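What you see is a predicted model, and the numbers here were worked out from it, not measured in a lab.
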Amino acid sequence: HLIHAYFSTPDILERGKRLGVCVDTQSYLYLKDADFIAKVYGGDWAERFIPLGDWVRAGIPVATNSDHMEGLDPDHAINSFNPFLMLYAAVTRRDEFGNVYGEDQKLTRMEALRTVTLNPAFLSFDEKIKGSLEPGKLADLVVLDRDYLECPDSEIRKIKPVLTMVGGKVVFRRK
């Protein structure tokens with residue numbers, strides 16, 4: 001699979017689909033870097049930066065993630081590991097300054113959710129045991145403080161876990 005995959009072309013999309021590749025990228029970087037890319041390389045580059053919509057429309061499985069080191073701030077570090085920032089960037093295409101580059105690269109909330117659940121499980125060959133809530137799977141899940149599918153776009157990045165279960169056992173409960 002392709003790691004990062006920050007820019008694509010129609011040829012790359014077609015070839016990737018034909019070869020059965022997957023994309024493993026970091027959508028939260030859009031928040032911090034899109035404006036910089038627009039200033040340095042031009043708006044057309046920022047429009048194409050982290051083209052989640054192109055990958056998804058091409059039928060290529062996309063996983064969003066972070067390669068962040070543990071122990072640092074999950075929201076303000078260079079490599080954020082807050083999955084809700086990743087979802088916010090994927091759904092809104094709004095950077096830290098409020099700019100939207102690549103409106104056509106937005107994902108629906110369900111498409112974005114799959115980039116942090118089903119698709120990563122598929123990329124790691126674990127789709128039979130995790131990535132969705134189904135009988136026979138590991139019962140890894142998180143209970144959130146608001147409804148991701150219904151809350152205003154601006155609140156996606158503010159979502160916090162209330163409870164986390166791994167293998168059906170509670171491993172985190174907010175006090």
Side-chain angles (χ1 to χ4, degrees), residues 1-6 8 12-31 50-75 77 79-93 105-175:
H1 61 265
L2 302 176
I3 307 274
H4 298 288
Y6 293 155
S8 68
I12 291 171
L13 294 167
E14 185 278 321
R15 188 175 186 192
K17 176 65 176 171
R18 185 170 34 84
L19 294 173
V21 302
C22 303
V23 169
D24 186 351
T25 194
Q26 300 167 328
S27 62
Y28 69 88
L29 287 176
Y30 175 87
L31 295 169
I50 307 179
L52 299 177
D54 285 349
W55 295 117
V56 169
R57 284 188 298 276
I60 296 171
V62 178
T64 57
N65 64 73
S66 172
D67 57 7
H68 192 283
M69 303 154 295
E70 288 189 40
L72 301 175
D73 187 296
D75 297 322
N79 291 343
S80 171
F81 57 93
N82 178 343
F84 303 106
L85 286 176
M86 290 182 255
L87 292 168
Y88 172 81
V91 168
T92 69
R93 289 292 287 192
Q105 298 303 329
K106 289 181 180 179
L107 298 183
T108 67
R109 291 187 190 209
M110 285 304 294
E111 288 169 337
L113 186 60
R114 286 184 192 102
T115 72
V116 296
T117 56
L118 287 168
N119 294 354
F122 175 77
L123 266 65
S124 65
F125 305 103
D126 290 324
E127 69 273 19
K128 291 183 180 169
I129 60 168
K130 56 184 166 178
S132 61
L133 295 175
E134 299 177 59
K137 290 193 174 183
L138 292 176
D140 295 348
L141 63 95
V142 63
V143 177
L144 307 176
D145 67 353
R146 65 197 82 193
D147 186 345
Y148 162 74
L149 295 173
E150 298 294 330
C151 71
D153 286 352
S154 61
E155 289 188 16
I156 294 172
R157 66 184 300 156
K158 299 174 185 174
I159 294 173
K160 299 290 183 209
V162 174
L163 181 128
T164 304
M165 294 176 66
V166 177
K169 295 183 183 352
V170 174
V171 296
F172 169 79
R173 185 184 313 266
R174 186 190 293 159
K175 296 174 182 176

Exercise for review: Using a cut-off of 6.0 Å, state whether more than 12 heavy atoms not belonging to R173 lie near its atom CZ.
Suggested key: no
Review point. Would you say H1 and I3 make side-chain contact, with heavy atoms under 4.5 Å?
Key: yes
Review point. For T25, does its backbone N or O pair with a side-chain atom of N65 as donor and acceptor, under 3.5 Å?
Key: yes
Revision key, fill the gap. dist I50:CD1 -> W55:CH2 (nearest 0.5 Å) comes out at 12.0 Å
Review point. Would you say F84 and K160 make side-chain contact, with heavy atoms under 4.5 Å?
Key: no
Check your understanding: OG1/T64 to CG/L29 distance, rounded to the nearest 0.5 angstrom?
Key -> 11.0 Å
Review point. Would you say Y30's side chain and R93's backbone share a donor-acceptor pair under 3.5 angstrom?
Key: yes
Review point. CG of L113 to CE of M86: how many Å apart, nearest 0.5 Å?
Key: 12.0 Å
Study note, to complete from the structure: Distance col, row Y148:OH vs L87:CG, nearest 0.5 angstrom, shows 4.5 Å
Point to revise | N/O donor-acceptor pair under 3.5 Å between D145 side chain and V162 backbone | key: no
Review point. Which heavy-atom pair separates G59 from P61 by the least distance, and what is that distance?
Key: O-CD, 3.7 Å
Review point. Between L52 and S27, does a side chain to side chain contact (heavy atoms under 4.5 Å, CB included) hold up when you go through it step by step?
Key: CA-CA 8 Å; L52 299 177; S27 62; 3.8 Å; yes
Check your understanding: More than 12 foreign heavy atoms under 6.0 Å from CZ of F122: is that the case here?
Key -> no
Point to revise | Sole residue of I60, L123, T115 in side chain to side chain contact (heavy atoms under 4.5 Å, CB included) with V23 | key: I60
Exercise for review: Please report the C-alpha distance between D153 and R109 in whole Å, then the side-chain angles of each, then the deciding distance to 0.1 Å, and finally whether the side chain to side chain contact (heavy atoms under 4.5 Å, CB included) criterion is met.
Suggested key: CA-CA 10 Å; D153 286 352; R109 291 187 190 209; 2.5 Å; yes
Exercise for review: Apply side-chain hydrogen bond (donor to acceptor under 3.5 Å, both in side chains) to D54 and list each qualifying residue two or more places apart in sequence or on a separate chain.
Suggested key: R57, Q105
**Study point:** Side-chain heavy atoms of V142 within contact of F172, under 4.5 Å
**Key:** no
Check your understanding: If we only count heavy atoms from C-beta on, is the R174 to L163 side-chain gap below 4.5 Å?
Key -> no
Revision key, fill the gap. D126 meets the side-chain hydrogen bond (donor to acceptor under 3.5 Å, both in side chains) criterion, sequence neighbours left out, with S124
Review point. Do any pairs count as a side-chain hydrogen bond (donor to acceptor under 3.5 Å, both in side chains) and have a residue in residues 132-142, sequence neighbours left out, and if so which ones?
Key: S132-E134, S132-K137, E134-K137
Study note, to complete from the structure: NZ (K130) and OG1 (T117) are apart, to the nearest 0.5 Å, by 12.0 Å
Practice item. Look only at the side chain of E111 and the backbone of T108, and say whether a donor-acceptor pair between them is shorter than 3.5 Å. Key: yes
**Study point:** Side-chain heavy-atom pair Y28, N82 within 4.5 angstrom cut-off
**Key:** no
Revision key, fill the gap. One should read off an interatomic distance between H4 NE2 and Q26 CD, to the nearest 0.5 angstrom, of 5.0 Å
Exercise for review: Starting from the C-alpha separation in whole Å, work towards a yes-or-no answer on side chain to side chain contact (heavy atoms under 4.5 Å, CB included) for Y88 and I159.
Suggested key: CA-CA 10 Å; Y88 172 81; I159 294 173; over 6 Å; no
Exercise for review: Work out which heavy atom in A112 is nearest to a heavy atom in A90; give both atom names and the distance.
Suggested key: CB-CB, 3.9 Å
